[in-house]
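Excluded from the calculations below are hydrogen atoms, water molecules and symmetry mates; all remaining heavy atoms, backbone and side chain alike, are included. Just so it is clear, the model here is predicted, and its values are computed rather than measured.
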Amino acid sequence: IEAHLKGFADNTGFKLQYANPDEENKILLSKIKNEMLVFEGVAKSKIAQYILQTEKIDDQFEYKYFWVDNTQTIIEGRKGELKNAKIIGSLTNEIYEEAPKSDDPSDSTYLKNMKSFIKKYPGNITSAYHIAVYKRTWKKSLTQELYELLEKDNQNSIYGKEIQNFLEKNIEFEIGSYFADINLPDTSGVYKKLSEYKGNYILLDFWGSWCGPCVRENVQLVELYKTYYTRGFRVYAVGAEISKKQWKNGIKKGNLPWANVSDISGGKGEVFDVYGIFEYPSNFLINPEGKIIGKNLRGELLKETLEIIFNH
């Protein structure tokens, strides 16, 4: 892989690695010389998505996601615009760029165009990739429909298997459904079950220490927890984390006193498929009998709901 990058000073460090953490996580390093980078190595997969990024994560940090297949790949870009770099030589990346784009993956026009794209390229891995990315947003029935459009080999690709796992594990919880148990380790590595707290009102909270809205929401949640703890209110918080250190620091900084657990999968673990989590924060309010009585209660709505439960 060659990269011709204008505007970067000599010896600016870059790294190249698989974009999917489930792939081999080998990192290649290279430094700019005469506005050029070269990466050489043997890829584990014939076709895969990579990320090229500056080695230092600072205010000059830049990155580019792109697909590589079994051809020579050339990247042409410039400082300050690496995300818009041109990829030459990769047919897979050309197909990926052809896919419809939208800020709203639930938009009807986008979904119609995406279905046409998958029908056109049922054997291309980027079709499976798009379904895997949006499977929780699109829910089970639509995901199943789109998955069935894929060729068999694509269904068995790394992204196809992600989709399979979702379809097998996901439960579409409604108000009145009983919760599915969770058993994950806390910051000390001790496994804690959600069911340990049954008999109380439990807020099952999916959050991330990296998520600004989650951190802001926790400020009020700490106060509500203190107010209603002695009356039977508990919080079981599942962190969508990739760094145990960052997660622990976030808990410490926020003074979060409840049960904090995580599989350190970045939100890709089984529990996130079971509950269909695609945005953060997300939560479920569970009554003492184990039934879900509220979903995505935040801010004033959560405060008012708890006031009704405990003060009436």
Visitor: Quick one: does Tyr134's side chain get under 4.5 Å of Met114's, heavy atoms only?
Guide: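 No. Closest side-chain heavy atoms not under 4.5 Å.
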
Visitor: What's the separation between atom CG in Asp186 and atom NZ in Lys248, rounded to the nearest 0.5 Å?
Guide: 9.5 Å

Visitor: Below 4.5 Å, heavy atoms only, C-beta onward: do Trp210 and Val215 meet side chain to side chain?
Guide: no

Visitor: Using the ring of each side chain (for Trp, its six-membered ring), is Tyr96 parallel, tilted or perpendicular to Trp67, with breaks at 30° and 60°?
Guide: tilted

Visitor: Could you check whether Tyr228 and Tyr201 have their ring centres less than 6.0 Å apart?
Guide: no

Visitor: So, Phe179 versus Phe284, ring centres under 6.0 angstrom or not?
Guide: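 Ring-ring flag for Phe179/Phe284: false, centres at least 6.0 Å apart.
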
Visitor: Taking 4.0 angstrom as the limit, do Glu223 and Lys303 come out as a salt bridge?
Guide: no

Visitor: I need the Asn260 CG to Asp205 CG distance, nearest 0.5 Å.
Guide: 9.0 Å

Visitor: So, do Tyr50 and Tyr65 have ring centers that fall under 6.0 Å from each other?
Guide: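 Not close enough - the centres of the two rings lie 6.0 Å or further apart.
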
Visitor: How about Glu35 and Arg78: do any of their side-chain heavy atoms sit closer than 4.5 Å?
Guide: no

Visitor: Does any non-hydrogen side-chain atom of Ile292 lie less than 4.5 Å from one of Ile175?
Guide: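 They are in side-chain contact.
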
Visitor: Ignoring hydrogens, what is the shortest heavy-atom contact between Ala237 and Trp258? Give both atom names and the distance.
Guide: CB-NE1, 3.5 Å

Visitor: Would Tyr147 and Gln164 satisfy side-chain hydrogen bond (donor to acceptor under 3.5 Å, both in side chains), going step by step from the backbone distance to the final call?
Guide: CA-CA 9 Å; Tyr147 173 76; Gln164 290 174 33; 3.0 Å; yes

Visitor: What residue among Phe117, Tyr121, Tyr159 forms ring pair (Phe, Tyr, Trp, His ring centres under 6.0 Å) with Tyr129?
Guide: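 Considering Phe117, Tyr121, Tyr159, a ring pair (Phe, Tyr, Trp, His ring centres under 6.0 Å) with Tyr129 is found only for Tyr159.
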
Visitor: Once you round to the nearest 0.5 Å, how far does CD of Glu94 lie from CG of Asp69?
Guide: 9.0 Å

Visitor: Under 3.5 Å, is there a donor-acceptor pair between the side chain of Thr143 and the main chain of Lys135?
Guide: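 Checking the backbone N and O of Lys135 against the side chain of Thr143, a donor-acceptor pair under 3.5 Å is found.
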
Visitor: So, using side chain to side chain contact (heavy atoms under 4.5 Å, CB included) as the criterion, who are the partners of Ser102 when residues are at least two apart?
Guide: Asp104, Asp107, Tyr110

Visitor: Under the disulfide (SG to SG under 2.5 Å) rule, what pairs show up with a residue in residues 154-211, not counting sequence neighbours?
Guide: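 Those involving residues 154-211 are Cys211-Cys214.
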
Visitor: Return the OG to CG distance between Ser116 and Leu149, rounded to the nearest 0.5 Å.
Guide: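 Interatomic distance, Ser116 OG to Leu149 CG, rounded to 0.5 Å: 10.0 Å.
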
Visitor: Under 4.5 Å between side-chain heavy atoms, counting indirect links through other Ile/Leu/Val/Met/Phe/Trp/Tyr residues: same cluster for Phe206 and Ile251 or not?
Guide: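 No; Ile251 is not reachable from Phe206 via cluster members.
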
Visitor: With a 4.5 Å cut-off on side-chain heavy atoms, are Leu16 and Leu52 touching?
Guide: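 Result yes, sub-4.5 Å side-chain heavy-atom pair found.
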
